[in-house]
Amino acid sequence: MRAADERKVPFHVGVTGTAPGFYGAQGRIVPGFLPIDPQKLDRLARQGVKNLEMEASCLLTLASLRGFRAGCVCAVFASRPRNEFIDEQSKVAAEARVVDVGLDALHHLARMGNKASGHPHWHDGL
């Protein structure tokens, strides 16, 4: 959160859903890839999920099992319920911002060491 604040990058902290695939597992309607659960996006939206991706839960679970800190920073490329996607130039810019924020966040976490900040999302408040 602090890294995004410092770079003035808009962000949302919340629940992310992880799907084990890109097409059917995410409820996409694509010829040749039947959706596993056609109502998935609606159900997840009702549960407060605002992001859907494919890797974070595995990485976060493994980090937790080993006692490592881990986080997830995702770029937003589309609003799937509205079927709206950003253009290629905006996608490249979003990818660069998410990398910069993620790297800055690593620096903040390293400075924090093992101290708990009292903030539910490790905002160091420096």
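One-based numbering along the sequence shown.
V101 pairs by the side chain to side chain contact (heavy atoms under 4.5 Å, CB included) definition with A3, A4, R7, V9, V73, not counting sequence neighbours. Under the side chain to side chain contact (heavy atoms under 4.5 Å, CB included) criterion, L52 pairs with A19, Q26, L41, L44, R80, sequence neighbours left out. The side chain to side chain contact (heavy atoms under 4.5 Å, CB included) check on A78 picks up F85, with sequence neighbours excluded. Residues that satisfy the side chain to side chain contact (heavy atoms under 4.5 Å, CB included) test with C58, not counting sequence neighbours, are L62. For S90, the side-chain hydrogen bond (donor to acceptor under 3.5 Å, both in side chains) partners are D87, not counting sequence neighbours. Listed by chain and residue number, R82 satisfy the salt bridge (charged side-chain N to carboxylate O under 4.0 Å, His left out) test with E84 (two or more places apart in sequence, or in another chain).
The two residues V13 and M1 make their nearest non-hydrogen contact at CG2-CG, 3.5 Å. Of all heavy-atom pairs between C74 and N51, the closest is SG-ND2, 3.4 Å.
Counting Ile, Leu, Val, Met, Phe, Trp and Tyr side chains that sit under 4.5 Å apart, directly or through other members, I86 shares a hydrophobic cluster with F77. Grouped with V76 in a hydrophobic cluster is no other residue, since no side-chain heavy-atom contact under 4.5 Å to another Ile, Leu, Val, Met, Phe, Trp or Tyr is found.
Within the structure, the salt bridge (charged side-chain N to carboxylate O under 4.0 Å, His left out) test picks out the following pairs touching residues 38-58 (sequence neighbours left out): D37-R43.
Remark: H108 NE2 to D5 CG distance equals 9.0 Å, nearest 0.5 Å. One distance of note links SG of C72 with CG of L60; it measures 6.5 Å at 0.5 Å rounding.
Residue-environment remark: CD (Q89) stays at or below the threshold of 12 foreign heavy atoms within 6.0 Å.
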